[in-house]
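The structure appears right after this line, and notes come after that.
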Amino acid sequence: MTTRWLTSDEQRAWRAYMAATLLLEDTLDRQLQQDAGMPHLYYSILANLSEAPERRLRMTDLAERSKITRSRLTYAVARLEKDGLVRREQCPSDRRGSVAALTDEGVAVLERTAPGHVETVRASLFDRLSPEQVGQLEEICARIAGGLVGGAQDGGPEDLPWKRRSTPCS
């Protein structure tokens with residue numbers, strides 16, 4: 001098998017992408033640590049729960065939305081539960097399943113933290129782009145993500161750690 005080395009243009013684009021994503025994630029982590037005492041990942045978990053019906057999601061579905069392994073999610077939810085921001089509940093239709101539920105205290109943390117988070121995202125990313133570039137960014141990122149999470153027909157792996165079929169909890 002012959003290695004397909006990156007061209008000079010691809011190498012520059014790759015390095016720029018890596019620098020931007022690492023710096024952006026660090027900036028978001030620092031802001032959220034300062035304002036809420038939590039990393040960006042934990043904030044994202046709370047945000048995903050806040051957008052779910054009844055502020056509850058089955059753990060496997062929350063792992064898929066968060067794009068993290070179930071074991072990493074379990075650790076994060078345990079920390080959020082210890083802080084009173086999330087509560088774990090038994091899944092009524094599946095004894096093996098569990099549901100993460102956002103508490104009222106978790107909602108209050110999101111409401112208090114969201115304005116600073118949105119301002120950091122805006123200042124760090126969107127204020128630096130034209131409206132046309134925002135559309136291009138969305139298109140490029142959606143294409144990359146789609147290729148990575150798509151099935152074998154799309155050239156992406158089918159067995160991602162967070163992609164596991166689950167039965168709904170009722």
Do [X] and [Y] have side chains that approach each other closer than 4.5 Å (heavy atoms only, starting at C-beta)?
X     : Y      : answer
Arg12 : Ser8   : yes
Asp83 : Val109 : no
Arg87 : Arg56  : yes
Asp29 : Glu25  : yes

What are the two closest non-hydrogen atoms of [X] and [Y], and how far apart are they?
X      : Y      : value
Thr113 : Ala36  : OG1-CB, 3.5 Å
Asn48  : Ser66  : ND2-OG, 3.5 Å
Val86  : Ala100 : CG1-CB, 4.0 Å
Glu89  : Ala101 : OE2-CB, 3.7 Å
Gly116 : Gln31  : C-NE2, 3.5 Å
Ala76  : Tyr42  : CB-CE1, 3.4 Å

As an exercise, state the distance from [atom1] of [X] to [atom2] of [Y], rounded to the nearest 0.5 Å.
X      : Y      : atom1 : atom2 : value
Leu46  : Leu85  : CG    : CG    : 5.5 Å
Ser50  : Ile45  : OG    : CD1   : 12.5 Å
Arg112 : His117 : CZ    : NE2   : 14.5 Å
Thr120 : Arg30  : OG1   : CZ    : 9.5 Å
Ile140 : Glu138 : CD1   : CD    : 11.0 Å
His40  : Thr27  : NE2   : OG1   : 11.0 Å

> Should the heavy atoms of other residues, nucleotides or ligands under 6.0 Å from CZ of Arg88 be counted, would the total exceed 12?
Replying inline: yes
> Are Ile144 and Trp14 grouped together when hydrophobic residues (ILVMFWY) are joined by side-chain heavy atoms under 4.5 angstrom apart?
Replying inline: no
> Can Arg55 and Asp104 be counted as an ion pair, charged N to O under 4.0 angstrom?
Replying inline: yes
